[in-house]
Amino acid sequence: MLIDLRSDTVTKPVALMKEAMMEAEVGDDVFQDDPTIEQLEKKAAAMFGMEAALFCPSGTMTNQLAIRIHCLPGSEVICDKYSHIYQYEGGGIGLNALSSIKLRDGNRGRITAEQVKESINNPEDIHKPVSRLVSVENTMNKGGGSIYNFHDFIEIREICDHHGLKLHLDGARLFNALVETLETPGDYGKIFDTISICLSKGLGCPVGSLLLGSHEDIHRARGFRKVMGGGWRQAGFLAAAGIYALDHHIERLKEDHQRAAKIGRIFSDKDYVKSIYPIESNIVIIELAHNKAATDFVNEMARKNILCVPFGKHLVRFVTHLDFTDKLLSYFEAQL
Ligand SMILES: *Cc1c(COP(=O)(O)O)cnc(C)c1O
């Protein structure tokens, strides 16, 4: 038995998803005539009440396309220091958008409107790059799957409008937030210029992310996707998995959250655990006691057939997902 909690990306497609994939009607997406991709993009755009969507191979690509379309060379992007766009996208803001970044120190990755306001450069000051984009992440991975209070987004939007800034959401795990809160995808569609969502994480698809936005923004993103070598052909086989996931795998995310909470309870009385981040969704981050190195702990867990990742010198991350069942949870508990 192997328990893989390194990420929620490790899930394998379920039988019915594979069936949907094999039966997909496909075409050439560079010519924009793959009917299944068109169906997925229309479905997602309608869910969020946004004009258009673009199906891409990864969430890194959808984030980078958003940054690319919103920024001109010499722009500055405002975001939290924990943001995926800064931490885990290979410096793409500099590479793809020729822009710089202003990092804020939020509350487990969540920034406030006040922090955004203080971060906007004076456009008259020629020493400064031009602030053009605010990017937020929900749920916030490096903050331990923390969830924003939606009211903060409303306030951040007001500041952006006042200063002519665009607002992007890295919603790789947005549906994890949505099943825990009262808001709907439509509420998010009204606030953000662009939204990136991952199908390959908790939703259980083998591949795929979506960028949502206006017709114009998505048209431009489609062009830059092509330049990056992301124009794909009969990818409708993959889009079919996305349609299946949006229909069948959203509500069940709550189960992943319950199992994450249980993992937190299991760790709470262990003397080798110093603290646990508040568990708000499917991510558990523990801080090890006695100065123990996260890499050593991860290796010890691997010997017990439990996979997790170091997430800082003394921090370890576990992510629950579709393939982590109650049976595996019992096994996990027995191993600790
Ligand atoms: C996983 C993830 C992404 C995108 O990752 P890809 O592996 O490129 O699909 C973006 N943002 C966050 C917060 C993520 O967790």
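- When the side chains of ILVMFWY residues are joined at heavy-atom separations under 4.5 Å, either directly or via intervening members, Val309 and Ile306 end up in two distinct hydrophobic clusters.
- Within the model, atoms CD of Gln64 and CG of Leu95 stand 8.0 Å from one another, a figure rounded to the nearest 0.5 Å.
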Practice item. Under the side-chain contact (heavy atoms from CB on, under 4.5 Å) rule, what do Phe150 and Thr181 come out as? Steps first, then yes or no, please. Key: CA-CA 9 Å; Phe150 192 74; Thr181 53; over 6 Å; no
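- Between the side chain of Asn282 and the backbone N or O of Thr320 there is at least one donor-acceptor pair closer than 3.5 Å.
- Between Gly59 and Glu89, the closest heavy-atom pair is O-OE2, 4.5 Å.
- In summary, the side chains of Gln32 and Glu38 do not present any donor paired with an acceptor at a separation below 3.5 Å, with no hydrogens or angles considered.
- Rounded to the nearest 0.5 Å, atoms CD1 (Ile3) and CG (Leu328) are 5.0 Å apart.
- For Asn176 (side chain) and Leu178 (main-chain N/O), no donor-acceptor pair under 3.5 Å exists by modelled atom type.
- If you chain together hydrophobic residues whose side chains sit under 4.5 Å apart, Leu210 and Val26 never meet in one group.
- Asp80 and Tyr86 are not linked by any side-chain donor-acceptor pair at a separation below 3.5 angstrom, with hydrogens and angles left out of the test.
- A side-chain N or O of Asn63 and one of His168 form a donor-acceptor pair less than 3.5 Å apart.
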Exercise for review: Just do the salt bridge (Lys or Arg N to Asp or Glu O under 4.0 Å) check on Asp269 and Arg265 with the steps written out, would you?
Suggested key: CA-CA 8 Å; Asp269 62 356; Arg265 289 195 293 277; over 6 Å; no
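- Separating the NZ atom in Lys81 from the OG atom in Ser83 is a distance of 9.5 Å, to the nearest 0.5 Å.
- Salt bridge Asp161/Arg157: present, at least one basic N to carboxylate O contact under 4.0 Å.
- Lys313 and Asn291 share no donor-acceptor pair across their side chains, judged by distance under 3.5 Å alone.
- Taking 4.5 Å as the limit, some side-chain heavy atom of Tyr148 sits within range of a side-chain heavy atom of Ile111.
- Residues Asp323 and His321 bring no donor and acceptor atom of their side chains to less than 3.5 Å of each other.
- In this structure, SG on Cys308 lies 10.0 Å from CD on Glu300, to the nearest 0.5 angstrom.
- A chain of hydrophobic side-chain contacts below 4.5 Å, direct or via other Ile, Leu, Val, Met, Phe, Trp or Tyr residues, connects Leu329 to Ile276.
- Using a 4.0 Å cut-off between a side-chain N of Lys or Arg and a carboxylate O of Asp or Glu, Arg233 and Asp33 do not qualify as a salt bridge.
- Residues Leu203 and Ile250 meet the side-chain proximity criterion, which asks for heavy atoms closer than 4.5 Å.
- In this pair, Phe297 and Phe318 present their aromatic rings perpendicular. The plane angle is above 60°, beyond the 30 to 60° band.
- Side-chain atoms of Glu41 do not come within 3.5 Å of backbone N or O of Ala52 as any donor-acceptor pair.
- When all heavy atoms of Ala24 and Gly236 are compared, the closest pair comes out as CB-O, 3.7 Å.
- A salt bridge links Arg259 with Asp326: at least one charged nitrogen is closer than 4.0 Å to a carboxylate oxygen.
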Exercise for review: Give the intermediate values and the outcome of salt bridge (Lys or Arg N to Asp or Glu O under 4.0 Å) for residues Arg173 and Asp8.
Suggested key: CA-CA 10 Å; Arg173 297 190 180 84; Asp8 42 8; 2.8 Å; yes
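- In this structure, Lys201 and Thr11 have side chains that are not in contact, with every pair of non-hydrogen atoms separated by 4.5 Å or more.
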Exercise for review: Could you please spell out the steps behind the side-chain contact (heavy atoms from CB on, under 4.5 Å) verdict for Ser268 and Val273?
Suggested key: CA-CA 7 Å; Ser268 64; Val273 176; over 6 Å; no
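- Thr62 places no side-chain N or O within 3.5 Å of a backbone atom of Leu211 that could act as its donor or acceptor partner.
- Each of Arg317, His84, Gln87 was checked for a side-chain hydrogen bond (donor to acceptor under 3.5 Å, both in side chains) with Asn141, and the lone residue meeting it is Arg317.
- Between Lys262 and Glu333 a salt bridge is recorded (basic side-chain N to carboxylate O distance below 4.0 Å).
- Remark: Arg108 engages Glu280 in a salt bridge, criterion side-chain N to carboxylate O under 4.0 Å.
- Thr112 has its side chain out of reach of Ile156: every pair of non-hydrogen atoms, C-beta onward, lies at least 4.5 Å apart.
- Checked by atom type, the side-chain pair Asn305/Gln335 shows no donor-acceptor distance below 3.5 Å.
- Note that OG of Ser135 and CG of Leu167 are 8.0 Å apart. Values are rounded to the nearest 0.5 Å.
- Judged by distance alone, with hydrogens and angles left aside, the side-chain atoms of Asn299 form a donor-acceptor pair with the main-chain N or O of Thr295 at under 3.5 Å.
- Looking only at distances, a side-chain donor or acceptor of Ser131 sits under 3.5 Å from a matching main-chain atom of Asn121.
- Without hydrogens or angle criteria, Arg303 side chain to Val298 main chain gives no donor-acceptor distance under 3.5 Å.
- At a threshold of 4.5 Å between non-hydrogen side-chain atoms, the residues Thr184 and Phe48 do not count as touching.
- By the neighbour-count criterion of 12 heavy atoms within 6.0 Å, atom NZ of Lys43 is densely surrounded, having more than that number from other residues, nucleotides or ligands.
- A ring-centre distance under 6.0 Å is found for Phe153 and Phe192.
- If you take CZ on Phe267 and OG on Ser275, they are separated by 12.5 Å, rounding to the nearest 0.5 Å.
- With hydrogens and angles disregarded, no donor-acceptor distance shorter than 3.5 Å links the side chain of Ser209 to the backbone of Ala172.
- Salt bridge annotation for Lys117-Glu155: absent, with no cationic side-chain nitrogen under 4.0 angstrom from a carboxylate oxygen.
- With hydrophobic clusters built from ILVMFWY side chains whose heavy atoms lie under 4.5 angstrom apart, Phe224 does not share a cluster with Leu212.
- Counting non-hydrogen atoms of other residues, nucleotides and ligands closer than 6.0 Å to NE2 of His162 gives a total of 12 or fewer.
- Formation of a donor-acceptor pair under 3.5 Å by the Asn107 side chain with backbone atoms of Arg110 is not found in this model.
- Between Asn96 and Met228 the shortest side-chain heavy-atom distance falls below 4.5 Å.
- Here the side chains of Lys166 and Arg132 are not in contact, with every heavy-atom distance at 4.5 Å or above.
- Using modelled atom types and a 3.5 Å distance limit, the side chains of Thr36 and Glu25 yield no donor-acceptor pair.
- Side-chain heavy atoms closer than 4.5 Å link hydrophobic residues (I, L, V, M, F, W, Y) into clusters, and following such links, even through other members, never connects Val30 to Trp232.
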Check your understanding: Checking side-chain contact (heavy atoms from CB on, under 4.5 Å) for the pair Leu246/Leu40: CA distance, chi angles, key distance, verdict?
Key -> CA-CA 9 Å; Leu246 291 177; Leu40 171 65; 3.9 Å; yes
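- Here the side chain of Glu51 pairs a donor or acceptor atom with the backbone of His215 at under 3.5 angstrom.
- In summary, the aromatic rings of His249 and Phe175 are positioned with their centroids too far apart to meet the 6.0 Å limit.
- Residues Ile283 and Tyr277 form no side-chain contact, since every pair of their non-hydrogen atoms from C-beta on lies 4.5 Å or further apart.
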Practice item. Test Asp125 against His127 for side-chain hydrogen bond (donor to acceptor under 3.5 Å, both in side chains), laying out the working first. Key: CA-CA 5 Å; Asp125 185 349; His127 299 88; 2.7 Å; yes
